[in-house]
Colleague: 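Could you have a look at this structure, given as structure tokens, before my questions?
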Amino acid sequence: MQEKGWSREELEAALREAKRRDMSYGSGRILSSMCTTPHRAGVEAFLRFLDTNLGDPGLFQGTKELERRAVGEIASLLGSGSAKGFIVSGGTEANITALWVARELSEVRKPEVVLPETAHFSFEKAARMLGLRLVYARALPDSSVDVEDVRRKLTPRTVAVVGIAGNTEYGGVDDVEALSELAEERGVYLHVDAAFGGFVLPFLGELGYRVRRFDFSLPGVCSITVDPHKMGLAPVPAGCILFRGEELLESLQVESPYLSMPVQCTLLGTRSGASAAAVFAVLKSMGREGYRRVVEECMRNTLRLKEGLEELGFIVREPWMNLLVFEHPEADVVGELRRRGWAVSRTRRGEARVVLMPHVKREHVEELIEVLREIAP
Ligand code: 0PR
């Protein structure tokens, strides 16, 4: 570290340079991300609560109340008046926490988790940390998990089954209803990763799209991951882990004797109250109606892109939500788009994957179609 502090000007120059090198959502060129421009109300709340620490909620009782209310709102969106949980740092922490609970509740030696092969890599982190063996069930052609394969892979060592509502690569939604029945029949813990789909599917349903059920209205579902910092429009970092009942959380209690509360259940100690306040602010500012409008626009853009691509001879997968996967038999689509400054991702099979987040506007979609017209031979 240098001896003397920088002047404001020196600091400003360094920060400006860093910003200049970053991509911005506003450009419409970020098509690979599940995050987006945060809602203004969330940004303002975040700044106001920047110094609060929910690791010591006795000091920040007002902020704790905002977290409780935000979690309650998300729970009610996901079919439960009574689910309990926390605002966490994101989907990774939420998934780790869920598998941690599932493992603590069982007394199995050499515990296993059966999950779809489409599962996000955060489960691999969780498994390594928690000493779990991951047993992957295969995906059907529509990318949802083959429930019969899940059934075949259950053993007396299975401590949890995972279902996904909006898988990372395809946006696919597992048949959580069937997984819920299976979990109840076998008495096994069921966790649903709705990090992406949690703020999309309920609104698509309200808009009249046919969507699969995945939430606490299914009796076998024990916990749900849902990320406000994805389609929830909250500033990063903001995830949410919900458990059907408070008793599920008790297995995580660690004594925190010198703090204002006697026990703590979260993975993190010091944790951001700003995130919780921001989630609360965004949820309250948007309401169901606000989210429905955003999801409707994202879905319209997705279907417009699909139509444009098909006219140009691309092979497009049927979208489950605002995420589109496509390829062209004669073109390196991802390579060509990247060369032209568009951030797109590649699925493990090599297809192009774009997420039509709220920062991707109709004019960007039209521009993209024109670029793809040049790319298609
Ligand atoms: N579960 C699912 C279904 C996810 O898609 C993701 C992340 C996670 C869990 C983990 O969430 P966190 O990253 O919040 O811990 N999905 C995105 C992905 O891996 C995350 C992302 C977002 C990546 C924005 C890039 C980016 O620019 O693609």
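Index from 1, following the sequence. Numbering of ligands and ligand atoms starts at 1, following listing order. Quick caveat, the model's predicted, so the values are computed rather than measured.
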Colleague: Are any of the N/O atoms on Lys230, whether in the backbone or the side chain, positioned under 3.5 angstrom from an N/O atom of ligand 1?
Modeller: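 So ligand 1 has an N or O lying under 3.5 Å from an N or O of Lys230.
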Colleague: Quick one: look at Met34 and ligand 1, take heavy-atom pairs under 4.0 Å, and tell me if it's side chain, backbone, both or neither.
Modeller: both
Colleague: Hey, is Arg138 close enough to Glu117 for a salt bridge, meaning N to O under 4.0 Å?
Modeller: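 Not counted as a salt bridge, because no side-chain N and carboxylate O are separated by less than 4.0 Å.
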Colleague: For Thr168 and ligand 1, does the shortest N/O to N/O distance drop below 3.5 Å?
Modeller: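 Yes, at least one N or O pair falls under 3.5 Å.
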Colleague: Give the contacting part of Thr92 toward ligand 1: side chain, backbone, both or neither, where contact means a heavy-atom distance below 4.0 Å.
Modeller: both
Colleague: Under 4.0 Å and counting heavy atoms only, is there anything from the protein next to atom 25 (C) of ligand 1?
Modeller: no
Colleague: Which part of Asn95 is near ligand 1, with near meaning a heavy atom under 4.0 Å away: side chain, backbone, both or neither?
Modeller: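 Only the side chain of Asn95 comes within reach of ligand 1.
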Colleague: Please state whether Asp227 comes within less than 4.0 angstrom of ligand 1, counting heavy atoms only.
Modeller: yes
Colleague: List the steps, then state whether side chain to side chain contact (heavy atoms under 4.5 Å, CB included) holds for Arg186 with Leu182.
Modeller: CA-CA 6 Å; Arg186 304 290 280 264; Leu182 182 59; 4.2 Å; yes
Colleague: Report the C-alpha separation of Ser345 and Arg353 in whole Å, then their side-chain angles, then the decisive distance to 0.1 Å, and conclude whether the side chain to side chain donor-acceptor pair (under 3.5 Å) test is met.
Modeller: CA-CA 5 Å; Ser345 32; Arg353 164 191 176 273; 2.7 Å; yes
Colleague: Between Ser33 and ligand 1, which residue portion shows a heavy-atom distance shorter than 4.0 Å: side chain, backbone, both, or neither?
Modeller: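 Both backbone and side chain.
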Colleague: Decide yes or no on side chain to side chain donor-acceptor pair (under 3.5 Å) for His120 and Thr168, but give the supporting numbers first.
Modeller: CA-CA 6 Å; His120 186 259; Thr168 311; 4.7 Å; no
Colleague: Could you check whether any heavy atom of Glu93 sits closer than 4.0 Å to an atom of ligand 1, since that is the contact criterion I want to use?
Modeller: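 False for this residue.
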